[in-house]
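Lettering follows sequence order; numbering is per chain, from 1. Note that these values count all heavy atoms, side chains included, but never hydrogens, waters or copies made by symmetry.
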Amino acid sequence: MRWTTTLIPTLKEDPADAETVSHKLLVRAGMIRQVSRGIYDYLPLALKVIRKIETIVREEMDRAGAQELLLPIASPAELWQESGRWEVYGKELVRFKDRHERDFCLGPTHEELITDLVRRAVRSYRELPFNLYQIQTKFRDEVRPRFGLMRGREFIMKDAYSFHATVEDCRREYQVMFQAYNRIFTRCGLKFRPVEADTGAIGGTLSHEFQVLADSGEDAIVSCNSCEYAANALKAEVKPQRLSGRNLTESAPPVEKVSTPGKKSVAEVAEFLGLAPDRFIKTLVYKAGEGELVAVLVRGDHEINDLKLKTVLGCENVTLADEQEIERKAGVPPGYIGPIGLRLRAVADQAIQGMRGAVTGANEANAHLVEVDQERDFTPSAFADLRLATAGDPCPRCDHGALESHRGIEVGQIFYLGKKYSEAMGATYLDAEGRERPIEMGCYGIGISRLAAAAIEQNHDGNGIIWPFSIAPVPVLLLPINYKEEKSRDVIDRLYAELSSRGIAVLLDDRDERPGVKFKDADLIGIPLRVTVGAKGLERGCVEARWRRDGRTEDIPVAEAASRIESLVREGMKL
RNA sequence: CGGGGCGUGGCGCAGUCUGGUAGCGCGCACGCUUGGGGUGCGUGAGGUCACCGGUUCAAAUCCGGUCGCCCCGACCA
């Protein structure tokens with residue numbers, strides 16, 4: 001691969017429309033160009049990276065026993081109507097009509113298509129289990145595409161679906177995929193963490209996300225500093241804690257109403273009364289399901305986890321009620337609502353149980369109550385884990401660990417789906433007794449193009465990208481200081497040929513540019529091993545190898561260059 | 001969906017308030033120079049100022065509309 005015959009339009013300056021490191025660097029390194037919002041061209045260097053990742057994914061999926069196939073991108077509305085997602089999916093699903101006015105959509109994911117295929121092809125338990133995967137371009141009309149390849153509307157994804165006769169077998173496959181994913185992301189040279197995850201719109205009951213650790217990540221995750229527990233912050237459980245001082249007050253003082261004019265938020269009232277936020281019981285009013293208003297109680301320093309609330313209330317959607325609605329139904333303006341005497345059903349976070357000496361809204365404007373004692377003064381309809389876990393919380397799985405928080409980029413997710421799609425779409429098999437049963441399913445995704453961006457977020461410096469060897473466009477960059485100079489050119493050309501014949505892919509910077517320009521571009525595009533050939537080195541009979549990651553250099557005698565470089569590359573691939 | 005910002009040679013920007021000759025840096029082409037971290041000098045090409053309409057003798061600039069792109073937010077009482 002020669003630079004002069006490859007399209008690598010590098011840029012000196014950051015593009016004006018890019019915000020994140022990976023977006024800026026991908027554009028500056030001449031790897032991607034935006035076509036429309038969330039839609040990009042993949043230039044030759046980027047495609048090389050994508051192909052590297054795909055190869056690793058294919059190898060590990062095949063090793064795990066999955067089979068590759070390819071489903072269409074366009075699918076007819078009927079299949080989506082059958083699963084119910086035609087209505088549920090919303091605007092993210094791009095729909096269109098063909099010339100006969102029939103409805104179609106572009107696949108944002110392929111449960112419907114694969115389930116349709118399998119139900120038409122499989123009859124017996126003897127044909128199960130199997131796992132089918134594809135690597136394909138997906139389209140989701142995201143509300144807010146952003147950050148280059150990180151959240152595009154069009155993106156490349158590997159999606160796999162497995163089919164089983166029994167729950168146990170499906171869970172076994174889940175573990176197989178879990179291991180395969182660990183291998184894949186390890187081989188891609190990423191620092192990542194599998195975390196327990198919510199199953200979201202896809203449904204199902206068991207799921208892990210694979211999160212690449214990066215401060216710029218969109219997802220908050222927590223992990224235990226002592227055991228293996230890690231979860232998406234939205235999913236993370238909160239361990240019930242014994243209240244300290246709960247039994248200290250034998251005879252609690254009576255509830256007292258205090259005036260708090262204009263003070264509504266916990267922070268305001270806490271400052272006004274000179275009390276810590278964790279002494280407060282915060283009352284939020286949600287609109288649940290059919291429009292019922294429900295009061296949700298959490299400690300003043302805690303935040304409600306909508307996901308947990310949905311589960312506890314047993315409804316699909318919960319939103320904070322608006323002000324007018326609250327005043328109408330509860331007779332109190334928000335800010336002064338409290339559990340005592342409230343005319344709404346109330347559910348409480350477990351941390352509320354047994355609270356004493358607490359501060360709550362008084363259910364009248366400009367007043368709060370102090371010295372509230374939960375057991376004595378009010379009883380919510382239920383106590384449950386309703387809050388968001390935060391750093392410092394005790395680990396829900398082990399005895400002595402505490403949770404740390406991190407940011408992550410989700411590059412993969414695996415789900416146990418169960419019968420959700422097979423039941424909706426009638427994908428069944430006959431068991432050994434001749435009974436018809438719905439097939440057990442799992443699904444497993446990897447964001448290939450996002451992974452490339454995540455790798456950069458995690459591997460870059462002020463000068464550019466630092467690709468891990470395994471997913472670099474090529475492992476070696478040959479850089480002649482002056483390609484026009486005959487002696488250097490001979491050495492370089494010979495090295496290029498020798499490395500190529502050894503199966504080492506090489507990019508040769510054969511441009512007639514100043515050395516400085518070539519060095520800058522080399523750093524920018526992030527090829528892991530740079531081999532510089534110039535008159536100075538050749539006087540000593542040497543070429544110079546330099547690692548992009550740490551700047552380490554090594555002089556190599558010309559005669560040994562090819563074999564030495566080959567072994568350096570092999571070594572690098574192992575890391 | 002709400003709020004904010006931007007749209008001027010390939011890229012990054014100034015010019016717009018206060019209408020009149022479209023400018024800078026980088027890049028590009030050519031020549032000389034230089035040759036181990038974006039070399040120096042010179043010459044030159046390249047722009048319907050996002051689009052449509054209006055005001056005006058005259059519009060990148062003022063007015064109206066449209067489109068595109070970027071960022072933030074969607075109510076923690």
In whole angstrom, give me the gap between the [atom1] atoms of [N] and [M].
N	M	atom1	value
B:G23	B:A60	P	13 Å
B:U18	B:C75	P	40 Å
B:A14	B:C24	P	16 Å
B:U61	B:A22	C1'	12 Å
B:G5	B:G9	C1'	24 Å
B:G12	B:C71	P	15 Å
B:G47	B:C13	C1'	15 Å

Do the side chain of [X] and the main chain of [Y] share a donor and acceptor less than 3.5 angstrom apart?
X	Y	answer
A:Ser36	A:Ile39	no
A:Arg407	A:Glu218	yes
A:Arg564	A:Ile556	no
A:Asp322	A:Glu325	yes

Touch class at under 4.0 angstrom, heavy-atom based, for [X] against every strand present:
X	value
A:Asn305	nothing
A:Arg37	sugar-phosphate
A:Ala295	nothing
A:Asp512	base
A:Lys484	base
A:Gly361	nothing

When you measure from every atom of RNA chain B, which of [range] have a heavy atom less than 4.0 Å away?
range	answer
residues 255-269 of chain A	A:Lys264, A:Ser265, A:Val266
residues 24-35 of chain A	A:Arg28, A:Gln34
residues 544-566 of chain A	A:Glu544, A:Arg546

Examine A:His302 together with A:Phe280 and report whether their ring centres are nearer than 6.0 Å. no
Rounding to 0.5 Å, atoms CG (A:Leu477) and CE (A:Met1) come to a distance of 10.5 Å
Which nucleotide, if any, forms a Watson-Crick or G-U wobble pair with [N], using both distances under 3.5 Å?
N	result
B:C62	B:G54
B:G7	B:C67
B:G23	B:C13
B:C32	B:G40

Under 4.0 Å from OP1 or OP2 of B:C75: is there any side-chain N or O of A:Thr319 that close? no
Just how far, in rounded Å, is [atom2] of [N] from [atom1] of [X]?
X	N	atom1	atom2	answer
A:Asp349	B:C76	CG	P	18 Å
A:Asp521	B:G36	CG	P	17 Å
A:Glu513	B:U39	CD	C1'	12 Å
A:Asp523	B:G38	CG	C1'	12 Å
A:Ile281	B:C76	CD1	C1'	15 Å
A:Arg511	B:C28	CZ	C1'	14 Å
A:Arg144	B:C1	CZ	P	15 Å
A:Lys91	B:C1	NZ	P	6 Å

Presence of salt bridge, [Y] and [X], under 4.0 angstrom:
X	Y	value
A:Glu364	A:Lys257	yes
A:Arg33	A:Asp41	no
A:Arg299	A:Asp349	no

Tell me if the NZ atom of A:Lys48 is crowded by more than 12 foreign heavy atoms within 6.0 Å. no
Base B:G37 paired with A:Arg530 side chain (donor-acceptor, <3.5 Å): yes
B/S/- along nucleotides 22-27 of chain B (protein heavy atoms under 4.0 Å) is ---BSS
Of the nucleotides [options], which has the atom closest to the [X] side chain?
X	options	answer
A:Arg514	B:C76, B:U39, B:C71	B:U39
A:Leu11	B:U39, B:C76, B:C11	B:C11
A:Pro515	B:C69, B:G38, B:G35	B:G35

Under a plain distance cut-off of 3.5 Å, with no hydrogens placed, do [Y] and [X] share a side-chain donor-acceptor pair?
X	Y	answer
A:Gln211	A:Asp219	yes
A:Thr553	A:Glu544	no
A:Arg343	A:Asn363	no

If each of A:His368 and A:Asp14 is mapped to the nucleotide of RNA chain B with the nearest heavy atom, which maps nearer the 5' terminus, i.e. the 5' end? A:Asp14
Walking RNA chain B from its 5' end, the first of A:Ala16 and A:Leu524 to be reached, judged by nearest nucleotide, is A:Ala16
Does anything in residues 477-494 of chain A form a side chain to side chain donor-acceptor pair (under 3.5 Å)? List the pairs, not counting sequence neighbours. A:Arg2-A:Tyr483, A:Tyr483-A:Asp493, A:Lys484-A:Asp512, A:Glu485-A:Ser488
Can you pull the ring-ring contact (aromatic ring centres under 6.0 Å, His included) pairs that have at least one residue in residues 341-382 of chain A, sequence neighbours excluded? A:Tyr336-A:His368
